[in-house]
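These notes are about the structure you will find just below.
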There are 2 protein chains.
Amino acid sequence: MKMSAAEEYGLRCLLQVAQHKGPEPIGIAEIAEAEGLSPEYAAKLLRLLRKGELVNSTRGAKGGYHLARPAHEISVWSAILVLDGPLIEDSHCKVHTGRLPACVHSTACSLRGLLTYISINLENVLKNLTLADLFQSEDAVRAQLEAAPEGEDQGAGGEP
Amino acid sequence: MKMSAAEEYGLRCLLQVAQHKGPEPIGIAEIAEAEGLSPEYAAKLLRLLRKGELVNSTRGAKGGYHLARPAHEISVWSAILVLDGPLIEDSHCKVHTGRLPACVHSTACSLRGLLTYISINLENVLKNLTLADLFQSEDAVRAQLEAAPEGEDQGAGGEP
DNA sequence: ATAAAACTTGACGGATTCGTACAGTTGGAT
DNA sequence: ATCCAACTGTACGAATCCGTCAAGTTTTAT
């Protein structure tokens, strides 16, 4: 139950894009410098974000990245999904023939229920937290999260 | 944000120990067979659980493992901590000289606030879920978790 | 057209995790 | 006392993830 490097640094890069002011897109060099990453690594992460349709890229001179949607419409949850995939795969308990009612493992797979719930819980919490919210300070983020524990919509969109 | 193999299989092995009936401890061979793991791998995971003081071991003939405490006093959270360590390390944002108010990263480390909150949220949810609760079916586990969303004590102990 | 800036892609060592293998130690049963 | 079941610990190859590198492609500016 750890956050992967791709998630952490990918999220940081995404925040750099979101934070960038001005009509011109932000370049990889600038993002990499701001986060202390190599330009190549930043590029790799940005590519992930682009494939996840969280950012768009402009090529050529004066090119760079910009958000695909406004910051307050991009949820932290969607970024995590793009950067690291889902917490629990559909194939977690592989069904052999297609007619297996319980998990192949002996403990009747109460673990699957646990994992599913953890995933749903996390999704509910992070779906309503947007990039715009993360601009605030550390304390403000915690306050924000605690104010809307679950299933509440506070003006953000999140997933399309 | 994935569950590691050690967490998953370690939890399964722990459940096998908890589920075992009778005064005699359960052996590695039996646990491994039940979960479809190699005896050596099961032994490795059980050793972790032993070091975390979640199980005790009896050596010699007729030896094996038994829970260190009753199943309803061992929380899923404590097992996850033992098997995979904390979600966020204290050293996550390393402080260089000891007087740095903000994270060394440029985005003022709203990420740390995010991570801290995710960790606390998960802890609150899983602290009150015990091994005994996991014996139930998948649906029952979800119902149980949804019934006690946060910060409620329902008779379990968890950490010593 | 040409050059320069910027992104794209695949491939590559190094580190960590996964699962296995094997030698060593402990302790109950005969 | 001896044997054997059972746990303990280290060491190892395989797979995956991390981060880097170099070659390639696209686009703007001159």
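So that the names make sense, note that chain A is the first sequence line, chain B the second, and so on, each numbered from 1. What's counted below: heavy atoms across the whole structure, side chains too, no hydrogens, waters or symmetry copies.
- Considering only side-chain atoms of B/Lys62, the nucleotide from D/dC18, C/dA29, C/dC18 that sits closest is C/dA29.
- Rounding to whole angstrom units, CG of residue A/Leu45 and C1' of D/dC18 are separated by 10 Å.
- Checking D/dC18, D/dT10, C/dG19 against every side-chain atom of B/Tyr9, the shortest atom distance belongs to C/dG19.
- Projected onto DNA chain C by closest heavy-atom contact, B/Thr58 and B/Asp84 fall at different nucleotides, the more 5' of which corresponds to B/Asp84.
- Looking at residues two or more places apart in sequence or on another chain, you find no side chain to side chain donor-acceptor pair (under 3.5 Å) involving A/Lys44.
- At the phosphate of C/dT8, OP1 or OP2 sits under 4.0 Å from a side-chain N or O atom of A/Tyr65.
- Computed from coordinates, the A/Glu40 CD to C/dG10 P distance equals 17 Å when rounded to whole Å.
- Between the CD atom of B/Glu35 and the P atom of C/dG19 there is a distance of 13 Å, rounded to whole Å.
- Side-chain N/O atoms of B/Ser38 include one lying less than 4.0 angstrom from OP1 or OP2 on C/dT20.
- Judged by distance alone with a 3.5 Å cut-off, a donor-acceptor contact links the side chain of B/Lys44 to the base of C/dG19.
- Comparing D/dT20, D/dC18, D/dT27 against the side chain of A/Arg59 picks out D/dT27 as the nearest.
- Judged purely by atom type and a 3.5 angstrom limit, A/Glu7 uses its side chain to pair as donor or acceptor with the backbone of A/Ser4.
- Looking at heavy-atom distances under 4.0 Å, A/Ile28 makes contact with sugar-phosphate atoms alone, never a base.
- The CG atom of B/Leu48 sits 11 Å away from the P atom of D/dT8 (whole-angstrom rounding).
- Judged by distance alone, the side chain of A/Asp84 and the main-chain N or O of B/Met1 form a donor-acceptor pair under 3.5 Å.
- Rounded to an integer number of Å, the gap from A/Glu24 CD to D/dT27 C1' is 15 Å.
- Applying the 4.0 Å criterion to OP1 and OP2 of C/dT8, one finds that A/Ser57 has a side-chain N or O inside that range.
- The side chain to side chain donor-acceptor pair (under 3.5 Å) with B/Gln16 is formed by just one residue from the set B/Glu30, B/Glu35, B/Glu33; it is B/Glu35.
- Residues A/Ser78 and A/Ser75 bring a donor and an acceptor atom of their side chains to less than 3.5 Å of each other.
- Both A/Ala61 and A/Pro39 lie near DNA chain D, and the one whose nearest nucleotide falls closer to the 5' end is A/Pro39.
- Nearest to the side chain of B/Lys51, among D/dG9, D/dC21, D/dG19, sits D/dG9.
- Regarding A/Tyr41, its OH atom lies at a distance of 8 Å from the P atom of D/dT20, rounded to whole Å.
- Between the P atom of C/dT8 and the CG atom of A/Leu49 lies a distance of 11 Å, rounded to the nearest Å.
- Comparing C/dC22, D/dT8, D/dG19 by their nearest atom to the side chain of B/Arg50 picks out D/dT8.
- Summarising the geometry, the separation between NZ on A/Lys2 and C1' on D/dT16 is reported as 17 Å, rounded to the nearest angstrom.
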